[in-house]
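Before any comments, here is the structure.
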Amino acid sequence: MRFSSPATRLFTRLPLAGNYPAAVALALLALSPYLILTTATSLAEPQIMGSIGATVYELQLTSGMSNAAYAFGAVACADLVQRFARRRIYLICECGFVLSSVLALSAQNIGMFAAGVVLQGLFTGMLLVAALPPLIIGHPINKLQTTAAVVSLGLFGMVAFGPLVGGLVGSLGGWRPLFAGIGTLALIGLVIGSLTFEGNDPPDRRAKFDWTAIPLAFGTTALPFFGVAWLTRGDFSDPEFYVPVFCGLVCGVFLVGGQYRKARPLMPVRPISNTLPVVGTLNAMLVGACFTTLLELIEVYLTREAGYSPLRIGALVTPQILGVVIAALLFRRLMSTRWTPYLALSGTVSVAIGAAILLAASTSSATATVPVASFFLGFGAGAGVTPGLFLAGFSVPAAQIGPTFALVELLRSEAAFLIGPVLLHFALVEGLADGFHQAVGITLGITVIGTLSLVILYALGGARPEAPDLVSWHAGTSTGYHSPALLAAVRNR
């Protein structure tokens, strides 16, 4: 699949068109600024609250709605790219992100700040679908392995880098310069993108708005994230918590089920309902949820129970960056081989090891245990999520990789930002001294049970490790994986 035509006038006018390093920079600068913020602002919350007069609940609600907007934006963009040129969508979203950053950094109250941060999430989710597929498909196949490593670093490398940034801001002050720097990165990305991103003819200008997928996607994201945000001012028994969460999950079931039955779905649910893509998607959801939960628990425990400064906390979890980098380099080497499912499995095992180490953490031993646990968590995130994404992406035709990523990211975000706040609230209710270890133990149990379930599901599908047919997939003539149906081994008997 090509996202542009060499014959177009735009192609000849763009000085960096077809330049691979520029395309990599474009994709990283599209995703990285917001992903840094997702883990940086938690350690800078006291600074932000004091500056704009916000409450803990208001900031938590802002964070939740921003994450919801990110997941929803990916689905919305999957709809828009059918009718509009990707270059136009990219430029509008990148401009929108810059303006949203200006709105947030100049905020004098929580309303302005929330509007800016939520819009940042929305535009980044849209950029995920607008910017990543051209990088993956629009360059020679010999670049594909490097691109896979770039995707891993772009998704979780920046998330791992966030706590260190947040620690510096939380200890030294200057959250407004942080948002100014984030906006500057996006502005640089806009300049590079305007010189690099080629125009294209939309695949179906007459495609109709999907009135079943988009509203349901909005309910799937906005309702549950509002519900879990309520826990900062309420409890599990409050209808403000369980009603939105239940309704949102129901919307998610109808969304996935409707897309499965639809003849021309917005997102290819039916093609990725086989063994390999299902295992990959569930693996990404499991690892993403447990990683996010454990990182939140570490930060709150070290802040409130151990009394560590934000900078010290950011430094202690910095080894997760090394873990993500190692995982990205491994995936670059293994992506074209039959070992990708095993790498994804190693991610869940690594997260479980990190959780087990955290069970031994205390206020006196955190300096020794948290860095080691953080390394395993970082490796687990990098090795578990991105390979899972590509197990799903290679199971559909190359032209559908954007909608596939949108679906997987929606499901992953749903799991990550529902489980984390719930277990964090549980730990606070129980008292951090004991509640931290109980919540970590629950997360460890979820990881172990989830890992065993995925292994069993993989075995019952009768799947055998095989290298993906990347040549045919990249050419658009076939899928990369030809996965057996779910439970195929049992059905055959």
Point-to-point distance, once rounded to the nearest 0.5 Å, from [atom1] of [X] to [atom2] of [Y]:
X    : Y    : atom1 : atom2 : result
L216 : F254 : CG    : CZ    : 8.5 Å
Q82  : C77  : CD    : SG    : 10.5 Å
I446 : L286 : CD1   : CG    : 8.5 Å
L135 : T146 : CG    : OG1   : 10.0 Å
F123 : E94  : CZ    : CD    : 10.5 Å
L358 : L297 : CG    : CG    : 8.5 Å

Would you say that [X] contacts [Y] through its side chain, given a criterion of any heavy-atom pair below 4.5 Å between the two side chains?
X    : Y    : result
V429 : F426 : no
F84  : I92  : no
P202 : V81  : no
P277 : Y481 : no
P468 : W473 : no
V448 : L452 : yes
D238 : R233 : no
T340 : F331 : yes

Verify side-chain contact (heavy atoms from CB on, under 4.5 Å) between L31 and L132, making sure each step is shown before the conclusion. CA-CA 9 Å; L31 300 177; L132 272 190; 4.2 Å; yes
Which atom names give the shortest non-hydrogen contact between [X] and [Y], and what distance separates them?
X    : Y    : answer
T292 : A416 : OG1-CB, 3.8 Å
L266 : P403 : O-CB, 3.4 Å
V245 : G227 : CG2-CA, 4.1 Å
I214 : A76  : CD1-CA, 4.0 Å
E296 : G420 : OE1-C, 3.5 Å
A289 : T293 : O-OG1, 2.7 Å

Could you give me the CA-CA distance, side-chain angles and deciding distance for F197 and I192, then say whether side-chain contact (heavy atoms from CB on, under 4.5 Å) is met? CA-CA 8 Å; F197 209 115; I192 294 176; over 6 Å; no
Those residues at least two apart in sequence (or on a different chain) that pass salt bridge (charged side-chain N to carboxylate O under 4.0 Å, His left out) with K262 are D210
Check salt bridge (charged side-chain N to carboxylate O under 4.0 Å, His left out) between R83 and all other residues, then give those that pass, not counting sequence neighbours. D79
Begin with the C-alpha distance, continue with both residues' side-chain angles, and end with the deciding distance and a verdict on side-chain contact (heavy atoms from CB on, under 4.5 Å) for L407 and Q259. CA-CA 10 Å; L407 176 62; Q259 293 293 292; over 6 Å; no
Ring centroids only, cut at 6.0 angstrom: are F291 and F376 within range, meaning strictly under it?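 Distance test on ring centres: not under 6.0 Å, no.
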Can the ring centroids of F390 and F394 be said to lie less than 6.0 angstrom from one another? yes
Could you go through S66 and Q120, starting from their C-alpha distance and side-chain angles, then the distance that decides it, and tell me whether this counts as side-chain hydrogen bond (donor to acceptor under 3.5 Å, both in side chains)? CA-CA 7 Å; S66 180; Q120 284 180 324; over 6 Å; no
[X] side-chain N/O to [Y] backbone N/O, donor-acceptor pair under 3.5 Å:
X    : Y    : answer
Y20  : T147 : yes
T348 : L345 : yes
T337 : A467 : no
H474 : G480 : no
S395 : L391 : yes
R86  : V129 : yes
S350 : G347 : no
T221 : A217 : yes
S32  : M158 : no
R87  : S194 : yes

If we count only N and O atoms by modelled type, under 3.5 Å, do the side chains of [X] and [Y] hold a donor and an acceptor together?
X    : Y    : answer
T220 : E414 : no
S472 : S478 : no
H425 : D235 : yes

Stepwise side-chain contact (heavy atoms from CB on, under 4.5 Å) test for R333 and W339: CA-CA 10 Å; R333 189 174 185 85; W339 295 101; over 6 Å; no
Answer yes or no: are there more than 12 heavy-atom neighbours, outside [X] itself, under 6.0 Å from its atom [atom1]?
X    : atom1 : result
F241 : CZ    : yes
F161 : CZ    : no
F236 : CZ    : yes

Look at the aromatic rings of Y57 and W230 and report parallel, tilted or perpendicular, splitting at 30° and 60°. perpendicular
Should the pair Y34 and Y70 be assigned to parallel (<30°), tilted (30 to 60°) or perpendicular (>60°) ring geometry?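 It falls in the parallel class, under 30°.
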